[in-house]
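The block underneath contains the structure these notes are about, expressed in structure tokens.
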Amino acid sequence: MAKRNTGWTEEKINKYIDQGRGQGELGSYRPWLTIQDVASSGRVHRLKGWKTGRIHHLLSDLERDYFFLLDWADNVIDIREQFPLNREKTIKIAEEKGIKHPLDNQTQTPIVMTTDFLITIRENTEIKYLARTIKPSEKLMDKRTIEKFEIERRYWEDEKIDWGIVTELDIPKNYARNISLIHEHFILNDEEVQLAHMFYEELYQSKLSVLEEARIFDEKYLLGKGASLSLFKYLLAHKYIKMDMNNEINFQIPATELHFTEEFLLERKIAFEYLR
């Protein structure tokens, strides 16, 4: 898909505002920038969020990995990527600090600065917000990058919102990789969900490995090869079954060593009593 013209003018900025960019929450939120709007030097990603049910636009592998951690975290309730900062405020901060505000190279229009993630979390009964900027560690010594960080830091300080920088050094690689393996399996159709529940029952009573039990289940219900492993990934994604996500997901693990969550066990008990 062709990239759009990435040059900034006042007309284009007003158009984005009229489109509702940077507005809304959860499924109604529209990021200020999408993958079509930027000339990314690396890989970009469009992923459907578990929490929001919408497509998230992630402009690097690093943003993608951090997004996986956010989507997995129980205390995160909303994730807004490419969040725009109020331009009047960032221009004022830049002037106060004697920092050149980011401009479009061609039009010299002051651009709308963005923060990679504005995160809504729940701590007990309290709702809080976190702003996080994602950057490779090698970029942290660049003078111009530091100047723009200072504008961003001061902006969120004035908003009384916790701001921080996340690098690849802050992201547990195995954890992010494991979530990436199961992320797309979070949503199944009704028939697949029913099969996943049946596979859970088989695993709960099994002494075989997950892989062996999956092979048997595939054959028993005439499923395609590997179909039951997708069901297992669904169960992991929903945390009906838990494994240590700091270690590589091991399909050879005996089912007796899996942790079956109390939530799902309670659902089994209720369903069983209802059917008796």
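- Taking 4.5 Å as the limit, every side-chain heavy atom of Leu47 sits out of range of all side-chain heavy atoms of Asp71.
- Among Arg30, Lys15, Arg21, Lys12, the one residue that satisfies the salt bridge (charged side-chain N to carboxylate O under 4.0 Å, His left out) test with Asp37 is Arg21.
- Heavy-atom minimum distance, Thr261 versus Lys239: CG2-O, 2.7 Å.
- The stretch residues 120-131 participates, sequence neighbours left out, in these salt bridge (charged side-chain N to carboxylate O under 4.0 Å, His left out) pairs: Glu123-Lys128.
- The shortest side-chain heavy-atom distance between Pro172 and Leu69 falls under the 4.5 Å cut-off.
- The closest side-chain heavy-atom distance from Gln82 to Glu63 is below 4.5 Å.
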Exercise for review: Apply side chain to side chain contact (heavy atoms under 4.5 Å, CB included) to Trp72 and Met245, showing your working.
Suggested key: CA-CA 11 Å; Trp72 178 263; Met245 298 295 280; 3.9 Å; yes
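- Ion pair Asp162/Arg132 flagged as a salt bridge, since at least one NZ, NE, NH1 or NH2 atom sits closer than 4.0 Å to an Asp/Glu carboxylate oxygen.
- Annotation for Ile151: hydrophobic cluster partners, listed by chain and number, are Tyr29, Ile77, Phe83, Leu85, Ile93, Ile99, Met113, Leu118, Ile127, Tyr129, Leu140, Phe149, Tyr155, Trp156, Ile161, Trp163, Ile165 (ILVMFWY side-chain heavy atoms under 4.5 Å, direct or chained).
- Using a 4.0 Å cut-off between a side-chain N of Lys or Arg and a carboxylate O of Asp or Glu, Arg215 and Glu219 qualify as a salt bridge.
- Within 6.0 Å of CG in Asp190 there are 12 or fewer heavy atoms belonging to other residues, nucleotides or ligands.
- When all heavy atoms of Ser137 and Leu169 are compared, the pair lying nearest together is CB-CD1, 4.1 Å.
- The shortest side-chain heavy-atom distance between His57 and Gln36 falls under the 4.5 Å cut-off.
- The heavy-atom pair separating Pro31 from Arg54 by the smallest distance is CD-NH1, 4.3 Å.
- Side-chain N/O atoms of Glu10 and Thr109 include no donor and acceptor closer than 3.5 Å.
- Side chain of Asn75 to main chain of Ile121: no donor-acceptor pair is present (N/O by atom type, distance under 3.5 Å, no hydrogens or angles).
- Within a 6.0 Å sphere centred on CD of Gln108, heavy atoms belonging to other residues, nucleotides or ligands number more than 12.
- In the displayed structure, Glu157 atom CD is contacted under 6.0 Å by more than 12 heavy atoms of other residues, nucleotides or ligands.
- Shown here are the salt bridge (Lys or Arg N to Asp or Glu O under 4.0 Å) partners of Glu152, two or more places apart in sequence or in another chain: there are none.
- The closest side-chain heavy-atom distance from Val76 to Thr120 is not below 4.5 Å.
- Salt bridge annotation for Glu150-Arg153: present, with a cationic side-chain nitrogen under 4.0 angstrom from a carboxylate oxygen.
- In this structure, His238 and Tyr234 have tilted ring planes: the angle between them lies in the 30° to 60° band.
- Smallest separation of non-hydrogen atoms from Pro136 and Glu168: CA-OE1, 3.4 Å.
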Point to revise | side chain to side chain contact (heavy atoms under 4.5 Å, CB included) assessment of Asn174 paired with Asn246 | key: CA-CA 6 Å; Asn174 280 342; Asn246 288 299; 5.6 Å; no
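- Checking side-chain atoms of Arg87 against main-chain N and O of Pro110 turns up a donor-acceptor pair under 3.5 Å.
- Under a 3.5 Å cut-off, the side chain of Asp65 and the backbone N or O of Ala176 do not form any donor-acceptor pair.
- Partners of Phe117 according to the ring-ring contact (aromatic ring centres under 6.0 Å, His included) rule, which considers only residues two or more places apart in sequence or in another chain, are Tyr66.
- Side-chain contact check for Asn178 versus Leu236: every heavy-atom pair is 4.5 Å or farther apart.
- Smallest separation of non-hydrogen atoms from Ser206 and Ala255: O-CB, 3.7 Å.
- Side-chain atoms of Met198 and Phe217, non-hydrogen and from C-beta on, do get closer than 4.5 Å to each other.
- With a 4.5 Å cut-off on side-chain heavy atoms, Ile241 and Phe199 do not count as touching.
- No side-chain donor-acceptor contact under 3.5 Å links Thr9 and Glu11.
- Every residue meeting the ring-ring contact (aromatic ring centres under 6.0 Å, His included) condition with His183, not counting sequence neighbours, appears here in chain and number order: Trp50, Phe67, Phe68.
- Between Tyr16 and Trp8, the shortest heavy-atom contact is CE2-CH2, 3.5 Å.
- Grouped with Leu208 in one hydrophobic cluster are Ile216, the linkage being side-chain heavy-atom contacts under 4.5 Å among Ile, Leu, Val, Met, Phe, Trp and Tyr residues.
- Both Tyr221 and Tyr204 belong to a single network of hydrophobic side chains, linked directly or stepwise wherever heavy atoms of I, L, V, M, F, W or Y lie under 4.5 Å apart.
- The environment of NZ in Lys51 is crowded: more than 12 heavy-atom neighbours from other residues, nucleotides or ligands sit within 6.0 Å.
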